Amino acid sequence: MPTTSPKSQHVLVLNCGSSSLKFAIIDANDGHEIISGLAERLGADAPSIKYKYNGAKTVIELGANQAHAEAINTLVTLIKDHNLDEYLTAVGHRVVHGGEHFTKSVLIDDAVIEGITKASSLAPLHGHANLLGISSAQNSFTGLPQVAVFDTAFHQTMDEVAYLYALPYKLYTDYGVRRYGMHGTSHYYVAGQTAKLLNQPIEQSNFISAHLGNGCSVCAIKDGKSVDTSMGLTPLAGIVMGTRSGDIDPGLFNFLTTQLDYNAKQIDNLLNQESGLLGISELSNDCRTIEEAAVAGHKKAQLALDIFCYRLAKQIAAYMVPLQRLDALIFTGGIGENSDIIRANVIKQLGYLGLNCDEQANLNARFGTQGIISTSDKIPKAVVMPTNEEWVIALDAANIVKEL
Ligand code: ADP
């Protein structure tokens with residue numbers, strides 16, 4: 001039964017990684033986080049849950065090797081102990097890969113589980129964790145509707161010209177090998193918020209959104225819809241990330257296997273865990289650490305930053321092809337929302353598009369502040385827009401539940 005009580009809009013948002021679980025109870029009415037936390041090192045030696053509630057931070061140690069199911073059980077107890085279960089209306093799951101089947105958020109039933117299972121062959125690590133999260137939540141929160149929100153869904157508006165690889169066509173038709181793109185929930189959210197900030201209809205807005213966190217991706221948004229994005233079949237493609245290489249010459253596989261005796265797992269590990277900012281700097285995957293080291297004269301840290309910015313600027317410039325007209329370049333994610341250094345560097349390289357950077361506005365836009373960081377009369381604008389994927393998940397779940 002739909003009700004109008006604002007309290008009935010509380011949604012438990014779950015984001016399951018292979019060894020972690022981020023969670024929050026969000027009020028879908030205003031995005032307010034009632035409780036939030038992170039379970040880490042799941043399935044390993046010393047798993048724990050850290051959470052924030054009423055301004056206080058608490059750590060719960062889990063038993064050795066305890067994994068997603070135990071973490072969710074502990075979460076249920078936690079929620080009940082704080083009497084937070086009473087107003088919960090749904091559980092919203094962030095699902096990394098929805099394949100071609102899922103173009104929007106859906107209520108989870110057996111057919112949906114089957115669809116997610118099928119799509120998870122395209123991203124086995126993430127898919128497996130997402131499925132585990134869903135089944136654990138179904139067991140622990142019996143009776144609560146469960147909703148899946150897909151990272152790939154926003155990009156399903158891409159044309160085949162943008163999403164097909166120049167590979168034998170059968171790989172697409174028989175196995176679904178194509179570009180899907182990720183971070184869709186974030187690109188969607190920041191595009192909508194930027195349209196509001198600029199006071200223009202999203203349906204007539206052309207944006208390029210750069211989500212720069214540990215994973216990084218760029219999205220070309222034409223008339224409010226995703227028309228291209230830098231991640232591909234998996235989240236490894238595109239621009240340089242914390243530990244991921246982004247695009248490389250596929251010929252590298254042959255070199256690594258024939259000359260250096262790498263196997264598939266080692267190559268996967270090299271490209272996903274040992275590359276990116278970490279690989280070049282030989283110091284860290286953390287942008288803050290890299291920036292501090294670069295300022296202190298660490299040459300490889302500076303090189304890592306330069307490569308990161310150059311590749312990002314090149315990707316943004318490439319998206320002028322589908323867009324032709326740009327209203328705003330949007331920065332979001334931990335790096336995009338905080339690094340004035342990276343924003344200034346990238347904008348400088350894109351000056352020929354008419355982008356510029358107001359030094360003071362750029363310095364001011366940090367720690368969750370949104371704002372225009374270009375000089376105010378110029379188009380395209382450069383915008384910093386904090387993302388809030390959890391709120392989108394909560395809203396989608398609340399809206400789907402309202403229709404039941
Ligand atoms: P995730 O993709 O895991 O959600 P985040 O969006 O939180 O990651 O982004 C993490 C990245 O943001 C890290 O590289 C971190 O160093 C960077 N970051 C956070 N704050 C700053 C800052 N003040 N300056 C530069 N980089 C920052």
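Counting starts at 1 for both ligands and their atoms, in listed order. Since we're looking at a predicted model, the values are computed, not measured.
Between the side chains of H187 and S209, at least one donor N or O lies within less than 3.5 Å of an accepting N or O.
Applying the ring-ring contact (aromatic ring centres under 6.0 Å, His included) test to Y169 and every residue at least two apart in sequence or in another chain returns Y172.
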Going through the distances and angles, do Y53 and H82 end up as a ring pair (Phe, Tyr, Trp, His ring centres under 6.0 Å)? CA-CA 9 Å; Y53 177 62; H82 291 301; 4.3 Å; yes
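The side chain to side chain donor-acceptor pair (under 3.5 Å) contacts involving residues 222-246 comprise H155-S226, where partners must be two or more places apart or lie in separate chains.
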For each nitrogen or oxygen atom of ligand 1, which protein N/O atoms lie closer than 3.5 Å, and how far apart are they, rounded to 0.1 Å?
from	atom 1	to	atom 2	distance (Å)
ligand 1	2 (O)	N214	N	2.9
ligand 1	3 (O)	N214	ND2	2.9
ligand 1	6 (O)	G334	N	2.9
ligand 1	8 (O)	N214	N	3.4
ligand 1	8 (O)	N214	ND2	3.4
ligand 1	12 (O)	I335	N	3.3
ligand 1	14 (O)	C287	N	3.0
ligand 1	16 (O)	D286	OD1	2.7
ligand 1	16 (O)	D286	OD2	3.3
ligand 1	16 (O)	C287	N	3.1
ligand 1	16 (O)	R288	N	3.1

Tell me which donor-acceptor pairs under 3.5 Å the side chains of residues 308-318 have, and how far apart each pair is, sequence neighbours excluded?
from	atom 1	to	atom 2	distance (Å)
R311	NH2	G238	O	3.0
R311	NH2	D247	O	3.3
Q315	NE2	Y319	OH	3.4

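More than 12 heavy atoms of other residues, nucleotides or ligands sit less than 6.0 Å from atom CD of Q200.
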